[in-house]
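Below is one structure, written out as structure tokens; the observations come after it.
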Amino acid sequence: MVQATPFLLVFCLALGAHSLPAKKCSLIGSWVNDLGSNMTIVAMNEKGDFVGSYHTAVTATMNEIRLSPLQGSLQRTNQKGQPTFGFTVNWSFSDSITVFTGQCFVDEDGKEILKTMWLLRSHVDNIKNDWKATRVGINVFTRLQRQK
């Protein structure tokens, strides 16, 4: 019986670890993506609607990049802690708008990651140029750590 005690202790600890609540992913806060763009989500209401700002690191225009507003919605029916979401950025410095859709994940190390896909629609002067008005891409965001 004495030899079985360490085995049973380790076995019980292993089983108990699976019942610990998983860390839930929260969109509130500051994020940076794989291109160096920064996004901050500052407020979310009880329905999952949120607002914030986006400062892109990349642009196809010659205009000076400026902070742009964003607004979006989080899927509230998913109670598993890794919600889906979508948001729109209305660019303050160009005639374009981008919509993002994605999911907030928590990896094995407890790190929050936003995996997104986006469509950017730029203004064109006529319907003949419509073919070049929409771009598609992906971005991965990680949480910016607060400076201490």
Side-chain angles (χ1 to χ4, degrees), residues 9-148:
L9 178 62
V10 170
F11 183 71
C12 289
L13 287 173
L15 287 177
H18 292 291
S19 66
L20 294 175
K23 180 179 178 185
K24 291 192 176 196
C25 202
S26 170
L27 295 181
I28 301 294
S30 297
W31 301 85
V32 63
N33 73 18
D34 45 324
L35 297 175
S37 298
N38 290 288
M39 171 179 68
T40 302
I41 298 174
V42 295
M44 184 178 300
N45 66 21
E46 66 283 346
K47 294 188 304 186
D49 300 329
F50 59 87
V51 295
S53 60
Y54 198 104
H55 192 265
T56 187
V58 295
T59 183
T61 72
M62 298 305 293
N63 299 338
E64 178 184 348
I65 294 173
R66 294 195 319 249
L67 192 66
S68 298
L70 72 78
Q71 59 184 358
S73 186
L74 175 77
Q75 178 50 265
R76 301 295 280 185
T77 60
N78 176 344
Q79 299 299 316
K80 297 179 177 125
Q82 299 190 114
T84 56
F85 60 87
F87 62 90
T88 301
V89 179
N90 187 355
W91 301 110
S92 300
F93 57 90
S94 70
D95 281 344
S96 60
I97 196 161
T98 302
V99 293
F100 289 78
T101 186
Q103 187 169 354
C104 188
F105 291 100
V106 179
D107 71 8
E108 302 82 27
D109 298 323
K111 182 177 168 185
E112 294 168 299
I113 299 169
L114 307 180
K115 297 278 287 186
T116 66
M117 179 171 255
W118 52 263
L119 292 171
L120 177 135
R121 176 66 187 208
S122 298
H123 171 80
V124 290
D125 291 329
N126 59 57
I127 199 165
K128 291 179 186 175
N129 290 325
D130 184 61
W131 65 271
K132 64 180 180 178
T134 303
R135 298 176 186 190
V136 62
I138 58 171
N139 284 125
V140 177
F141 292 82
T142 54
R143 187 174 293 283
L144 276 174
Q145 300 301 318
R146 289 197 171 105
Q147 303 231 343
K148 296 179 181 178

Euclidean distance, [Y] [atom2] relative to [X] [atom1], rounded to 0.5 Å:
| X | Y | atom1 | atom2 | result |
| --- | --- | --- | --- | --- |
| Glu112 | Cys25 | CD | SG | 4.5 Å |
| Gln71 | Phe50 | CD | CZ | 9.5 Å |
| Ile41 | Phe87 | CD1 | CZ | 6.5 Å |
| Gln75 | Gln103 | CD | CD | 11.0 Å |
| Asp34 | Ile138 | CG | CD1 | 7.5 Å |
| Asn90 | Thr98 | CG | OG1 | 9.5 Å |

Can you find a heavy atom in the side chain of [X] that is under 4.5 Å from one in the side chain of [Y]?
| X | Y | result |
| --- | --- | --- |
| Ile28 | Val42 | no |
| Thr88 | Ile97 | yes |
| Leu35 | Asn139 | yes |
| Ser122 | Ser94 | no |
| Met39 | Ser53 | no |
| Leu114 | Phe85 | yes |
| Val89 | Val99 | no |
| Arg66 | Ser92 | yes |

Could you walk me through whether Lys115 and Phe105 pass side-chain contact (heavy atoms from CB on, under 4.5 Å), step by step? CA-CA 8 Å; Lys115 297 278 287 186; Phe105 291 100; 3.8 Å; yes
The side chain to side chain contact (heavy atoms under 4.5 Å, CB included) partners of Ser73 (sequence neighbours excluded) come to Asp49
Among residues at least two apart in sequence or on other chains, which ones pass ring pair (Phe, Tyr, Trp, His ring centres under 6.0 Å) with Trp91?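 Here the qualifying residues are Tyr54, Phe93.
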Could you walk me through whether Arg121 and Thr134 pass the side chain to side chain donor-acceptor pair (under 3.5 Å) test, one step at a time? CA-CA 5 Å; Arg121 176 66 187 208; Thr134 303; 3.2 Å; yes
Write down the atom of Ala57, the atom of Ser37, and the distance for their closest heavy-atom approach.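 The pair with the smallest heavy-atom distance is N-OG, 2.8 Å.
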Criterion side-chain contact (heavy atoms from CB on, under 4.5 Å) on Leu144 and Trp31, from CA distance to verdict: CA-CA 5 Å; Leu144 276 174; Trp31 301 85; 5.9 Å; no
May I have the step-by-step check of side-chain contact (heavy atoms from CB on, under 4.5 Å) for Met44 and Leu27, ending in yes or no? CA-CA 9 Å; Met44 184 178 300; Leu27 295 181; 4.2 Å; yes
